[in-house]
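Letters go in sequence order (proteins before strands), and every chain restarts at 1. Note that these values count all heavy atoms, side chains included, but never hydrogens, waters or copies made by symmetry.
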Number of protein chains: 2
Amino acid sequence: MIMDGFTAIAEPTRRAILDCLRTGERDVTTLVTELRISQPLASKHLRVLREAGLVEASVRGKRRVYRLAKEPLPDVLAWIGPYARQWSIAFDRLEHVLESESS
Amino acid sequence: MIMDGFTAIAEPTRRAILDCLRTGERDVTTLVTELRISQPLASKHLRVLREAGLVEASVRGKRRVYRLAKEPLPDVLAWIGPYARQWSIAFDRLEHVLESESS
DNA sequence: TCATAATATGAACTATTGGTTATATGAATG
DNA sequence: CATTCATATAACCAATAGTTCATATTATGA
């Protein structure tokens, strides 16, 4: 299986899982009820996200608690940078401003 | 077919096409030779990118010249923003700096 | 207008993916 | 221990995606 970040976030349900986890960690059952998906489907998507390094899990009792990885999506962010005109503009402006400040 | 931005950039060859077009417009034949793919495959991927709004084409003689759309990937950029920690940090800093400057 | 160059499209094939149901695993609890 | 709860996995199916080869389309130039 083993998917890259791009393929991992191409699936709407997986994006929904990530968005959900962005507000805090969740166990599988919580995700299942919040996203209204079947439990096996959740487990499958979570496995993909885990293998792609986007989420991490820890075993807490019989629950498995998932959370976002600290630096998720490095490949996607690196690739998409040049296409984020607004963002690169913000970067450039920031650099300029900080430069002229320090002088 | 009609794919969204996420699915469009999930395919490595399509990302390669976009990266290629980032340095300037190209006709199909040029893309074919630069990326070493078959011509029908190029046309198919270009169609996907066109329908997803990532590239535009203009007919120039018997050539079809493709270029990046002006604001490509709005959906992806919007979704990924909150995950781009470094970038949001840059944004925040920029806001602060500009604020304290104007006062 | 005929031949050719550039691109798009269609048909067919294969691989992969997202989804289901059923079952296995493994911890907690009575 | 036996049961139940939480999660993962297996087997399978339908839909879709990527690829190739062959053919259609369209514009150009002789």
Participant: Give the minimum heavy-atom separation between I2(B) and E51(B), together with the two atoms involved.
Facilitator: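 Looking at all heavy atoms of both residues, the shortest contact is N-OE1, 3.4 Å.
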
Participant: Is it true that E11(A) and R15(A) make a salt bridge, defined as a side-chain N closer than 4.0 Å to a carboxylate O?
Facilitator: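 No, E11(A) and R15(A) are not salt-bridged.
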
Participant: For a side chain to side chain contact (heavy atoms under 4.5 Å, CB included) check, start with the C-alpha distance between L35(A) and I17(A), then their side-chain angles and the critical distance, and finish with the verdict.
Facilitator: CA-CA 8 Å; L35(A) 301 179; I17(A) 292 178; 3.4 Å; yes

Participant: Which pair of non-hydrogen atoms, one from G5(A) and one from V76(A), has the smallest distance, and what is that distance?
Facilitator: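 Answer, listing the atom of G5(A) first, then V76(A): C-CG2, 3.8 Å.
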
Participant: List the atom of Q39(A), the atom of V32(A), and the distance in Å for their closest heavy-atom pair.
Facilitator: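 Scanning both residues completely, I find the closest heavy atoms to be CA-CG2, 3.6 Å.
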
Participant: Pull out every stem in DNA chain D, meaning runs of 3 or more consecutive Watson-Crick or G-U wobble pairs with both distances under 3.5 Å.
Facilitator: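 The stems are C:1-30 with D:1-30.
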
Participant: Is there a path of hydrophobic side-chain contacts, each under 4.5 Å between heavy atoms of I, L, V, M, F, W or Y residues, that connects L68(A) with V65(A)?
Facilitator: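 The answer is no; the residues belong to distinct hydrophobic clusters.
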
Participant: Does R26(A) qualify as a cation-pi partner of Y66(A), given the criterion of NZ or CZ under 6.0 Å from the six-membered ring centre and within 45 degrees of its axis?
Facilitator: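 Geometry flag: not set, cation outside 6.0 Å or 45°.
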
Participant: If you measure from the Lys or Arg side-chain nitrogens to the Asp or Glu carboxylate oxygens, is any gap between E25(B) and R63(B) under 4.0 Å?
Facilitator: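 Judged by the 4.0 Å cut-off on N to carboxylate O distance, E25(B) and R63(B) do not form a salt bridge.
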
Participant: In B/S/- notation, 5' to 3', how is nucleotides 16-26 of chain C contacted by protein heavy atoms closer than 4.0 Å?
Facilitator: -SSBBBB----

Participant: Please report the closest heavy-atom contact between T7(A) and A10(B), naming both atoms and the distance.
Facilitator: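 Nearest pair, atom of T7(A) first, then A10(B): OG1-O, 4.0 Å.
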
Participant: Taking any atom closer than 4.0 angstrom to a non-hydrogen atom of chain A, what span of DNA chain D does the protein reach, first nucleotide to last?
Facilitator: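 Going 5' to 3' along DNA chain D, contacts run dC5(D) to dA11(D).
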
Participant: Do R22(B)'s NZ or CZ and the ring of Y83(A) fall within the cation-pi criteria of under 6.0 Å and 45°?
Facilitator: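 Output yes; distance and angle both within limits.
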
